[in-house]
2 protein chains.
Amino acid sequence: MNVLIVEDDALHRTFLAEAVRAALPECGQVIEAENGLKGEVQARTARVEHVVMDLQMSERNGIEAARTIWRERPDTKILFWSNYSDEAYVRGVARIVPEGATYGYVLKSASEERLKLALRSVFVESQCVIDREVRGIQQKSFGNSPGLTDAEYEILVDVALGLTDKAIAKRKHLSLRSVQNRLQQLYEKLDVYETPGQGNEGLFNLRTRAVAVALSRKVLNASAIERAERDLRQSAGI
Amino acid sequence: MNVLIVEDDALHRTFLAEAVRAALPECGQVIEAENGLKGEVQARTARVEHVVMDLQMSERNGIEAARTIWRERPDTKILFWSNYSDEAYVRGVARIVPEGATYGYVLKSASEERLKLALRSVFVESQCVIDREVRGIQQKSFGNSPGLTDAEYEILVDVALGLTDKAIAKRKHLSLRSVQNRLQQLYEKLDVYETPGQGNEGLFNLRTRAVAVALSRKVLNASAIERAERDLRQSAGI
DNA sequence: GCTTGTCATGCGGGGACCCGCAGATTTTGC
DNA sequence: GCAAAATCTGCGGGTCCCCGCATGACAAGC
């Protein structure tokens with residue numbers, strides 16, 4: 001059993017390597033890659049089935065790397081190990097995990113014990129392990145509390161990209177008016193209408209304000225926008 | 001000579017503590033804080049004059065913490081130690097360093113040697129040390145290449161907050177038309193007008209598009225927006 | 001069956017935004 | 001000190017966005 005570690009921080013990388021060797025004494029080689037691109041190559045050439053993956057790397061982030069790895073071998077077991085539990089990351093991961101694949105999501109702030117346990121659970125027992133805190137985000141995200149619908153989320157991403165209502169309508173095969181309706185739902189859920197009172201009526205441009213609020217609530221983050229941007233170029237530019 | 005380390009990642013914290021002790025054998029206590037807020041308190045109570053500060057922390061980020069520390073003791077020497085050299089961070093630091101204060105900016109990807117050297121230079125020799133890569137950003141930022149003027153940058157921030165043209169005009173004591181002029185300069189510098197050709201005319205909403213481009217070019221980042229948001233609330237809400 | 005709820009769509013108006021033109025004011029360079 | 005360049009400001013029009021009102025389709029529940 002070989003394990004691939006994809007992580008751009010040198011300190012974290014060696015820490016992970018030690019943790020892997022300690023938690024899985026029966027494992028063979030421990031391979032390291034320092035960014036998503038190299039990680040993809042290593043996974044392909046070394047035919048690895050077990051990956052520990054950081055999100056948030058330059059060159060190619062963890063979500064994109066995981067997507068291509070899973071596309072080539074959907075039975076690969078991936079343990080995501082991230083600094084943050086941003087809704088954008090959680091959503092991004094959930095969006096790419098293939099049917100029936102086993103994966104895990106552990107925060108870097110978790111104890112070493114929890115990390116080792118997750119390593120064994122995911123890689124040996126083929127069990128999905130989601131950190132408690134991430135779990136909370138996930139439920140909020142897919143449940144009905146102040147989280148967004150998938151439809152609303154997609155509109156939000158398109159707006160954040162800077163697309164026009166009309167352009168979104170074309171992309172999503174909707175009428176102009178439907179797009180605007182979804183936008184209004186979005187505005188309400190994001191509390192864009194807050195007016196501290198004294199005549200601050202025309203204070204906000206709702207459209208850009210929505211993006212700002214989404215960013216500071218971590219519903220969106222820069223890497224999610226970059227991913228969407230690439231998708232856009234690909235589908236539009238061909 | 002006591003040294004305060006403000007850093008939220010446990011691994012990096014212990015690594016830093018060791019590096020400090022190795023580079024400055026003559027130093028006294030090495031105090032650690034795990035976020036910006038605790039860092040401020042420690043700096044105040046322990047009367048520290050030498051700080052190693054991470055940017056990008058939850059609770060209160062490094063720039064805000066540094067600002068309050070410097071406000072209380074402008075002669076504090078601060079070495080910033082960050083993962084990224086985003087233009088937004090560089091600008092944020094440059095914006096708060098007091099007249100004549102000594103500070104440094106080293107990337108986490110730098111070698112241990114470089115870190116130790118910077119520690120001695122800043123804390124003992126009172127010399128400013130800016131990482132080569134960061135230096136590049138700084139020049140681009142203040143020079144005249146595709147970097148933004150301060151005026152343009154401020155407009156950009158206000159737009160990213162979701163403010164109306166009118167609201168920005170009031171805040172900045174300008175006429176509506178001047179704000180729109182600056183916006184146009186901004187649009188040109190950010191290459192918002194790119195149209196791949198085939199009839200993509202009304203594709204982008206320039207205003208939100210500008211924010212998207214600025215984010216993916218790292219001219220802006222989420223924490224800069226959050227800071228601006230707090231400033232806004234403070235100046236408007238009173 | 002009828003009601004109720006959710007969603008997509010159309011219409012129309014008021015307002016915000018983008019931008020060319022042109023004059024006034026300030027800054028810069030020599 | 002003067003000319004050139006940059007910046008601020010007003011006007012006007014074309015476009016896009018926000019949103020209330022109204023219609024029809026489809027599903028769930030009494």
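To the nearest 0.5 angstrom, A:Ile225 atom CD1 is 10.0 Å from A:Arg227 atom CZ. Interatomic distance, OH of B:Tyr103 versus CD1 of B:Ile130, reported as 4.0 Å (0.5 Å rounding).
Taking atom CG on B:Leu203 and atom P on D:dC17, their separation rounds to 11 Å, with Å as the unit. Distance NE2 (A:His173) to C1' (C:dT9): 17 Å, rounded to an integer number of Å. Taking atom CG of B:Leu174 as the reference point, atom C1' of D:dT9 lies 10 Å away to the nearest angstrom. At whole-Å resolution of the value, CD in A:Glu188 and P in C:dT6 are 12 Å apart. Rounded to an integer number of Å, the gap from A:Leu186 CG to D:dC17 C1' is 15 Å. In this structure, the CG atom of A:Asp165 is 16 Å from the C1' atom of C:dC11, given to the nearest Å. For the pair A:Phe204 CZ and C:dG15 C1', the interatomic distance rounds to 18 Å; values are reported in whole Å. Going from atom CZ of A:Arg177 over to atom P of C:dT9 covers 11 Å, rounded to whole Å.
Side-chain contact annotation: B:Ser82 with B:Lys108, donor-acceptor N/O pair under 3.5 Å absent.
Nearest to the side chain of B:Arg207, among C:dC19, D:dC16, C:dC18, sits C:dC18. Here D:dT9 is the nucleotide among D:dC21, D:dT9, D:dC18 with the atom lying nearest to any side-chain atom of B:Ser178. Checking D:dC16, C:dC21, D:dG20 against the side-chain heavy atoms of A:Gln184 singles out D:dG20 as nearest.
Salt-bridge check for B:Glu152 with B:Arg182: failed, with every basic side-chain N at 4.0 Å or more from each acidic carboxylate O. The residues B:Arg60 and B:Glu34 are annotated as not salt-bridged, no charged nitrogen and carboxylate oxygen being separated by less than 4.0 angstrom.
Comparing B:Asn205 and B:Gln180 by the nucleotide of DNA chain D that holds the closest heavy atom to each, the one mapping nearer the 5' end is B:Gln180. Nearer the 5' end of DNA chain D, as judged by each residue's closest nucleotide, is the contact made by A:Tyr187, out of A:Tyr187 and A:Asn181.
B:Leu176 comes within 4.0 angstrom of no nucleic acid atom, judged by non-hydrogen atoms across all strands.
Using a 4.0 Å cut-off, some side-chain N or O of A:Ser175 falls inside it from OP1 or OP2 of C:dT9.
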